[in-house]
Number of protein chains: 2
Amino acid sequence: MHRPDPFDAKCPTRQVLDRIGDRWAVLILISLEQRTMRFNELRRRIEAISQKMLSQTLKSLERDGLVNRKVFATVPVTVEYSLTPLGRTLSQTVHALTLWAETHIGEVAQAQQRYDQGEAAPETATTPPR
Amino acid sequence: MHRPDPFDAKCPTRQVLDRIGDRWAVLILISLEQRTMRFNELRRRIEAISQKMLSQTLKSLERDGLVNRKVFATVPVTVEYSLTPLGRTLSQTVHALTLWAETHIGEVAQAQQRYDQGEAAPETATTPPR
DNA sequence: CAGGATCCGAGTCGATACTG
DNA sequence: CAGTATCGACTCGGATCCTG
């Protein structure tokens, strides 16, 4: 077995990372973690998302085996989206990330303020490295 | 205390999520988790990154209080980048994500294959939802 | 060595209109 | 209801050139 190297652009691990990078994908995962939803339900839930991005993102999530798409032949047609078991494991991992965000957002905000103010006071460190 | 809602575009939690979305930021965090590095060291480590993206991403990471920037008045000048304690906690969380990727990348790849082949065989589910 | 400044093409995203 | 198709605005990021 070769160990995956996210620094190699060809590494599939990188592709997964890129998926996480998709903000819409993350929001969809979080939504579906709570319960199965229909297309327009998701649309209302996420609010800012355009219908194009929603259908597009759902499609790629389905392709990755993270989301189930179930069509019911009602009139008009009904489509239910839910997490697959695989998708559930991912959404839990992502949850750890949102937890970090909620916990440390204050520190980040403070750091930003300090940085933005202190632009006039450039620390002149002078000690040589070695 | 209001609880942060990542579905609200104005929520700071969302901003953190967006940072994670940045592939370069993630790669830099991972790199610096291993050890302190200089600018061109990082450049070589990450390979595909352009110098523009590197300096740009480093700057925002520094602003967020995730990365330390230390300048030494040598000739020519030396700059060392390292993780802050805060940055270290984040990189560990991110690590959980890369772990998921390495673990499940196979399942994702299989799902993609199935999806790409089965495009001619659209499952006609007919059972009404409720 | 560590960056800043500029130019510019490719891709992304939203808005809009239409369909089964 | 659950999408697809098209188009244009905008952004991102790479390439290139330059500096202290």
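Every chain is numbered from 1 and lettered A, B, ... according to where its sequence line falls, protein lines coming before strand lines. Since we're looking at a predicted model, the values are computed, not measured. These numbers come from the heavy atoms of this one structure, side chains and all, not from hydrogens, waters or symmetry mates.
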Looking just at side-chain N and O atoms, do B:Glu62 and B:Asn68 make a donor-acceptor pair shorter than 3.5 Å? no
Nearest whole angstrom, please: distance from the C1' of D:dC12 to the CZ of A:Arg23. 15 Å
d(NZ, A:Lys52; P, D:dA9) in whole Å: 14 Å
B:Ser60 side chain vs B:Thr57 backbone, donor-acceptor pair below 3.5 Å: yes
Salt bridge check: are A:Glu80 and A:Arg35 linked by an N-O gap of less than 4.0 Å? no
Nucleotide D:dG13, atom C1' - distance to CG of B:Asp22 in whole Å: 11 Å
Any idea which of D:dG3, C:dC13, C:dG3 is nearest the A:Met53 side chain? C:dC13
Please confirm whether any donor atom in the side chain of A:Gln51 sits under 3.5 Å from an acceptor in the base of D:dT4, or the reverse. yes
d(CD1, B:Ile46; P, C:dA2) in whole Å: 14 Å
Closest to side chain of A:Thr78, choosing from D:dA2, D:dG14, C:dA15: D:dA2
Looking at residues 35-43 of chain B, who's got a heavy atom less than 4.0 Å off DNA chain D? none
Are B:Val77 and B:Leu42 grouped together when hydrophobic residues (ILVMFWY) are joined by side-chain heavy atoms under 4.5 angstrom apart? yes
How many whole angstroms separate atom CG of A:Leu58 from atom C1' of D:dT4? 14 Å
Euclidean distance, atom CH2 of residue B:Trp24 to atom P of D:dT11 [Å, nearest integer]: 21 Å
Expressed in angstrom and rounded to an integer, what is the separation of B:Gln56 atom CD from C:dG4 atom P? 10 Å
Residue list, salt bridge (Lys or Arg N to Asp or Glu O under 4.0 Å) with B:Arg69, at least two apart or on another chain: none
Main chain of A:Gly65, side chain of A:Thr84: is a donor-acceptor contact present, judged purely on distance under 3.5 Å? yes
Round to a whole Å and report the spacing from CG of B:Leu54 to P of D:dC12. 18 Å
Within one Ile-Leu-Val-Met-Phe-Trp-Tyr cluster: B:Tyr115 and A:Ile28, side-chain cutoff 4.5 Å: no
Find which nucleotide of DNA chain D each of A:Pro76 and A:Ser55 is nearest to by heavy atoms, and output the residue with the more 5' nucleotide. A:Pro76
B:Tyr81 side-chain N/O to C:dG3 phosphate OP1/OP2 under 4.0 Å: yes
